[in-house]
Amino acid sequence: MIAYGIIYLLGLLLILRPHIIHKEKHFFLLWIVFSMTLSVSIRSIIGSVEQSDIDQYVFLMQSDNEIPYFLREFIFWFLIRFLYNITGNEIITFLILDFILFIALYKGFFLIKSAFYPKIKNTNVRYLLFGSLLFFPYVLGMNNYYRQIIATATLLYAIGSIGNKKTLQGVFLFIVSVFIHNPSIIFAPLLLSFSKYTYKITVISSLLLIPIVFQFVLSSDNGFFARGLGNHIGENIANIYLLVFFAIFLINLTLDTFKSSHGEQAIHYFLFVSIIIYVFILLSGMSSGSSERFAFYIFALIFPVMGCYFEQKMRGKVMIRLIYYHLSIIPILTFYLDSLMVIA
């Protein structure tokens with residue numbers, strides 16, 4: 001918790017004094033040092049505290065067993081075993097993976113800002129990088145949904161690359177994200193919508209293919225398509241996430257009623273496609289736990305985009321940053337307080 005407290009204070013400082021660090025390379029060094037400090041504090045408890053998914057990763061990196069879906073997500077599984085074979089230490093292995101995650105998150109964030117909000121100064125939105133580390137999809141991802149959060153950061157990098165007309169790089173990174181965590185393939189329409197080489201009909205066609213692919217995978221008995229059954233956490237939570245996505249979309253439309261830039265129009269489409277994807281997921285018959293993971297994908301992708309959007313659109317910049325920053329940490333604070341109550 002001390003590390004998270006330091007991250008929070010640094011983000012707060014950058015909201016109040018955004019120009020305190022002038023050079024981008026100095027900010028990068030600051031961010032990566034404190035990000036890795038957070039990583040060390042999280043990874044140092046491996047083996048001493050039960051962490052469900054992380055413990056399973058440790059077991060599998062040390063095992064010689066081959067599971068069919070390793071081939072489906074071969075980039076992650078081969079990389080984690082390769083790093084473990086070199087280091088011989090599970091903590092160092094996760095520290096290296098965390099470093100890769102932070103680099104992808106950093107690069108993806110500033111590429112997206114450059115593509116869709118080029119008029120915003122980097123200094124005014126740096127706090128969002130610290131905010132990302134406090135945002136619940138990343139907090140939970142670092143402790144449990146690890147493949148997913150690495151894939152999410154890579155997906156952000158891919159979207160930012162395509163938005164900057166680095167199409168081949170974007171496509172390559174998207175393929176990497178899919179072979180880190182297969183479910184990221186469902187977000188292909190998001191990338192198609194930002195590419196100048198594709199038409200809206202291609203995006204619509206890919207959206208229509210989503211339920212077909214879902215039905216095939218869910219009904220398949222082939223071991224290659226093996227998947228976790230997922231947890232049932234309550235159906236209402238999935239509907240709440242959907243309402244939140246709709247609310248964000250409506251806020252965008254309301255603020256852009258009279259005038260919107262090209263970047264803002266792209267964000268409208270981004271949100272609309274995300275909602276359609278999530279509706280397909282809910283209709284697919286997945287468990288509420290599995291659908292929640294897809295919601296985490298969308299929230300993690302939306303967070304930096306919406307932060308930049310409000311920076312460009314709203315007056316009273318400092319107050320807007322403070323509100324957005326603190327709204328983003330409410331979910332994880334609620335989760336933490338609930339955990340304390342359960343323990344008590």
Side-chain angles (χ1 to χ4, degrees), residues 11 105 109 112 116 125 127-128 131-142 144-145 148-149 151-153 155-156 159 183-184 186-187 189-190 193 207 210 230-257 260 264-314 319-339:
L105 179 60
F109 172 78
I112 284 177
F116 305 116
V125 290
Y127 78 94
L128 290 169
S132 293
L133 300 179
L134 301 171
F135 195 39
F136 71 100
Y138 289 95
V139 174
L140 296 177
M142 290 286 288
N144 278 307
Y145 312 140
Q148 176 170 325
I149 207 61
T152 302
L155 193 56
L156 265 176
I159 292 172
S184 64
I186 200 172
F187 295 102
L190 291 179
S193 65
L207 281 172
I210 289 173
N231 299 317
H232 288 278
I233 57 172
E235 301 300 331
N236 287 337
I237 191 69
N239 296 327
I240 291 172
Y241 290 144
L242 183 59
L243 288 174
V244 172
F245 295 144
F246 268 119
I248 295 171
F249 183 54
L250 289 175
I251 289 171
N252 273 167
L253 291 181
T254 302
L255 292 176
D256 294 331
T257 300
S260 60
E264 288 162 354
Q265 291 172 359
I267 299 312
H268 295 164
Y269 196 80
F270 181 99
L271 292 169
F272 176 73
V273 173
S274 296
I275 290 171
I276 296 299
I277 289 172
Y278 192 62
V279 169
F280 280 147
I281 290 166
L282 294 182
L283 295 176
S284 70
M286 280 190 169
S287 69
S288 55
S290 296
S291 63
E292 182 182 49
R293 288 198 176 201
F294 280 100
F296 288 174
Y297 257 119
I298 297 172
F299 277 122
L301 294 172
I302 286 176
F303 176 76
V305 172
M306 291 304 300
C308 291
Y309 175 84
F310 288 130
E311 180 69 27
Q312 178 167 291
K313 205 70 178 176
M314 307 291 282
M319 183 56 66
I320 293 299
R321 292 172 200 155
L322 283 170
I323 293 172
Y324 189 69
Y325 188 60
H326 288 93
L327 282 176
S328 69
I329 64 176
I330 286 175
I332 202 63
L333 284 177
T334 304
F335 176 82
Y336 177 70
L337 292 174
D338 286 345
S339 299

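Nothing here was measured: the structure is a model prediction, and the numbers come from that model. For the single chain, residues carry numbers from 1 onward in sequence order.
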_S328 versus F303, closest heavy-atom pair with distance_ = CB-CE1, 3.3 Å

*Give the ring-plane orientation class for F299 versus F245, where under 30° counts as parallel, over 60° as perpendicular and anything between as tilted.*
tilted

*If every non-hydrogen atom of T152 is compared with every non-hydrogen atom of A300, which pair is closest and at what distance?*
CG2-CB, 3.5 Å

_Pair M306, N252 - check side chain to side chain contact (heavy atoms under 4.5 Å, CB included), show working._
CA-CA 9 Å; M306 291 304 300; N252 273 167; 3.4 Å; yes

*Compare every heavy atom of V305 with every heavy atom of L301, then report the nearest pair and how far apart it is.*
O-CG2, 3.5 Å

_As an exercise, state the distance from OH of Y309 to CD1 of I302, rounded to the nearest 0.5 Å._
13.0 Å

*Rounded distance [0.5 Å steps], CG in L140 versus CD in E292*: 8.0 Å

_CA sep, side-chain torsions, deciding dist, call: L133, M142, side chain to side chain contact (heavy atoms under 4.5 Å, CB included)_ = CA-CA 9 Å; L133 300 179; M142 290 286 288; over 6 Å; no

*asked:* For L156 and F109: C-alpha separation, side-chain torsions, deciding distance, then whether side chain to side chain contact (heavy atoms under 4.5 Å, CB included) applies.
replied: CA-CA 7 Å; L156 265 176; F109 172 78; 5.9 Å; no

*Rounded to the nearest 0.5 Å, what's the gap from OG1 on T254 to CZ on F249? Could you check?*
10.0 Å

*Can you name the closest pair of heavy atoms from Y297 and A151 and give their distance?*
OH-CB, 3.6 Å

*asked:* Let me confirm one number: the OH-CG distance from Y127 to L322, rounded to the nearest 0.5 Å.
replied: 8.5 Å

_Distance, nearest 0.5 Å, that separates OH of Y278 from CD1 of I275_ = 11.5 Å

*Please report the closest heavy-atom contact between A153 and L105, naming both atoms and the distance.*
CB-N, 4.0 Å

_Working note: E311 + Y324, criterion side chain to side chain contact (heavy atoms under 4.5 Å, CB included); need CA distance, chi angles, decisive distance, verdict._
CA-CA 10 Å; E311 180 69 27; Y324 189 69; over 6 Å; no

_I149 versus P137, closest heavy-atom pair with distance_ = CD1-O, 3.4 Å

*asked:* Is it the case that the ring center of F294 lies less than 6.0 angstrom away from the ring center of Y241?
replied: no

*Ring center gap for F296 and F136 short of 6.0 angstrom*: yes

_Separation of I248 CD1 from I298 CD1 (nearest 0.5 Å)_ = 10.0 Å

